[in-house]
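Ligands are counted one by one from 1 in listed order, and the atoms in each one are counted from 1 as well. Values reported hereafter were calculated over all heavy atoms of this structure, with side chains retained and with hydrogens, waters and symmetry mates removed.
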Amino acid sequence: MSTAFEFHCPTKIVCGKHALEKLPDELVMTGMSHPLVMTDAGLMKLGVAAKLTDVLDAADVTYDLFSDVPPDSSMDVVNQVAHLYVEKGCDGFVAIGGGSVIDTTKGAAASLACNGVDFATLQGSEILTDNLPPFIAVPTTAGTGSEVTLVAVVKDTQTHAKLSFTSYKLLPHVAILDPALTASLPPKLTSTTGMDALTHAIEAYTSTQKNPVSDAFAVKAIELIASNLTTACTTPDNLDARTNLALGSLMAGAAFSNAMVGIVHSLGHSLGGLCGIPHGQAMMMLLPHCVRYNLKHGIHAGEYGKLLPYLAPAKAEELGHQASKEVLDQAVCDTLFAMNTYFHDNFGAPLTLKDLGVKHEDLPAVAKQARYDGSALYNSVEVTLEMAQEILEAVYE
Ligand code: NAD
């Protein structure tokens, strides 16, 4: 490695069984006395958000609640939350939820850091100059890693585009990972969000901006996700598997937050924005097809195979040290397809765009928008219209 690189992960991590009990201490450490608690309707209904507000109630903490974050969120909601925060006199955020809740909170916090400007004006890279208000993220999915990423992805409901915001200022100050909060995640959502995390790690490992530190986080993330995802799906309340999956997701987030992602995310964001496909679902479907496309065109040849010992250790052992790079690359691709088939057959995770109701005539627009997604900048080759179309056709049915 000849060029200098940076690696940022200043977020304090509190992880393990009963980690949520540390929340009152973390409020004091971050200087919060009246947080705005952010969550969504699903987590309210399931009683997951109540696990957090119960801790606040027991500690006599004054707080306000916003529980209407929609899936994938939107600019309007971000701006609405920023207004509510000022109106209620809050002095920090506690976000309990998946990537949608955490990213909405990032957006509102960023807007407030810039005197309440419309969040849309902060789109792009390193636009933020001021620090966010105190911010504690409590993830309830093990997928996006948003609790440690410098990214926020928010939908523009007018243009149907998913807009990316990147800044080192967007990193939450504290992440609390308590496995009991992910135990209610149904197997299908566990598998799709887990495959999102796996995609982060694999794309970080093959990104143009990778470095030895992001590689270390990526391979450990792959090992943790691959060896715990099935267990978390089949025995949802196995808290050891849930903890390992949460850590794998966090490490994959830290890896991609520094190394960035590529074609899988370019296409996935476009499918999310134009066709409403949930992010994890899109990642799961696209990942093996993008790996297959890349290998067919000699992209990352010899690189994917290095991941086999972490992704499928038994397969790596079976193939042995004599296996060629081509054989190892192919084994990684085959393993990813086999994982998807398993999650489809056992938990109903869809495998094709057609299954999800995407219209074939929408594919050209999806391909076109994918080329202009921020992730395309970090793909090791230019994302062309032909490339995007070929992959989308393969995932279609
Ligand atoms: P999500 O936050 O959209 O949640 C999906 C559904 O799962 C919701 O209905 C929610 O109520 C439910 N849910 C969440 N936790 C649950 C639990 N413990 N039990 C039962 N149900 C639960 O899903 P996500 O995949 O975590 O986040 C997706 C969003 O994050 C997308 O907008 C995506 O673009 C974004 N994203 C952001 C980053 C980043 O670094 N900022 C990275 C990847 C994706």
Got the closest protein heavy atom to atom 12 (C) of ligand 1, with its distance? Leu189 CD1, 4.2 Å

Take Glu390 and Lys296, measure what salt bridge (charged side-chain N to carboxylate O under 4.0 Å, His left out) needs, and give me the verdict at the end. CA-CA 12 Å; Glu390 185 176 329; Lys296 183 176 142 196; 2.6 Å; yes

Proximal ligand 1 atoms for Asp72, defined as those under 4.0 Å from one of its heavy atoms: 29 (C), 31 (C), 32 (O)

Quick test: of every protein heavy atom, which one is nearest to atom 15 (N) of ligand 1, and how far off is it to 0.1 Å? Thr140 OG1, 2.8 Å

For ligand 1, the portion of Thr144 having any non-hydrogen atom under 4.0 Å away: both

Which segment of Thr193 sits under 4.0 Å of ligand 1 when only heavy atoms are counted: side chain

Within-cutoff protein neighbour (heavy atom, under 4.0 Å) for atom 33 (C) of ligand 1: yes

Within reach of ligand 1, part of Val151 (heavy-atom separation under 4.0 Å): both

Nearest-option assignment for atom 18 (N) of ligand 1, heavy atoms, candidates Leu150, Val48, Leu181: Leu181

Look at the rings of Phe337 and His289 and say which category their plane angle falls in: under 30° parallel, 30 to 60° tilted, over 60° perpendicular. perpendicular

Identify the closest protein heavy atom to atom 3 (O) of ligand 1: which residue and atom is it, and at what distance? Ser100 OG, 2.6 Å

Identify, for atom 10 (C) of ligand 1, the protein heavy atom at the shortest distance, and state residue, atom and that distance. Asp40 OD2, 3.3 Å

Asp76/Ser74 under side-chain hydrogen bond (donor to acceptor under 3.5 Å, both in side chains): CA gap, chis, key distance, verdict: CA-CA 5 Å; Asp76 302 339; Ser74 78; 4.6 Å; no

May I ask you to check whether Tyr85 and Phe66 place their ring centres under 6.0 Å from each other? no

Output the list of atoms in ligand 1 that are nearer than 4.0 Å to some heavy atom of Phe256, sorted by atom number. 40 (O), 42 (C)

Would you confirm whether the ring centroid of Tyr378 sits within less than 6.0 angstrom of the ring centroid of His265? no

So which protein heavy atom does atom 39 (C) of ligand 1 come closest to, and at what separation? Thr149 OG1, 3.4 Å

For atom 20 (C) of ligand 1, the protein heavy atom that lies nearest, with its residue and separation: Leu46 CD1, 3.2 Å

Looking only at protein heavy atoms, which one is nearest to atom 19 (N) of ligand 1, and what is the separation? Ser184 OG, 2.8 Å

Hydrophobic cluster of Val37, others only, ordered by chain and residue number, side-chain cut-off 4.5 Å: Val14, Leu20, Leu23, Leu27, Met32, Leu43, Met44, Leu46, Val48, Leu52, Val55, Leu56, Val61, Tyr63, Leu65, Val94, Ile96, Ile136, Val138, Val174, Ile176, Leu181

Side chain to side chain contact (heavy atoms under 4.5 Å, CB included), paired with Leu122, selected from Leu170, Leu128, Val78: Leu128

Hydrophobic cluster identity match, Val383 and Tyr372, side-chain contacts under 4.5 Å: no

Take the angle between the ring planes of Phe119 and Phe165 and call it parallel below 30°, perpendicular above 60°, tilted in between. parallel

Does atom 27 (O) of ligand 1 have any protein heavy atom closer than 4.0 Å? yes

Do Asp196 and ligand 1 have an N or O pair less than 3.5 Å apart? no

Quick check: His269 and ligand 1, any N/O pair under 3.5 Å apart? no

Nearest protein heavy atom with distance in Å, relative to atom 24 (P) of ligand 1: Gly99 N, 3.5 Å

Among pairs that include at least one residue of residues 28-40, which meet salt bridge (charged side-chain N to carboxylate O under 4.0 Å, His left out), considering only residues two or more places apart or in two chains? none

Taking the side chain as every heavy atom from C-beta outward, state whether Val154 and Leu163 have any pair of such atoms under 4.5 Å apart. no

Near Thr141, which atoms of ligand 1 are under 4.0 Å from a heavy atom of that residue? 14 (C), 15 (N), 26 (O)

Determine, using heavy atoms of His200 and all atoms of ligand 1, whether some pair is separated by less than 4.0 Å. yes

Evaluate side chain to side chain contact (heavy atoms under 4.5 Å, CB included) for Val291 paired with Asp329, printing each intermediate quantity in order. CA-CA 9 Å; Val291 170; Asp329 282 343; over 6 Å; no

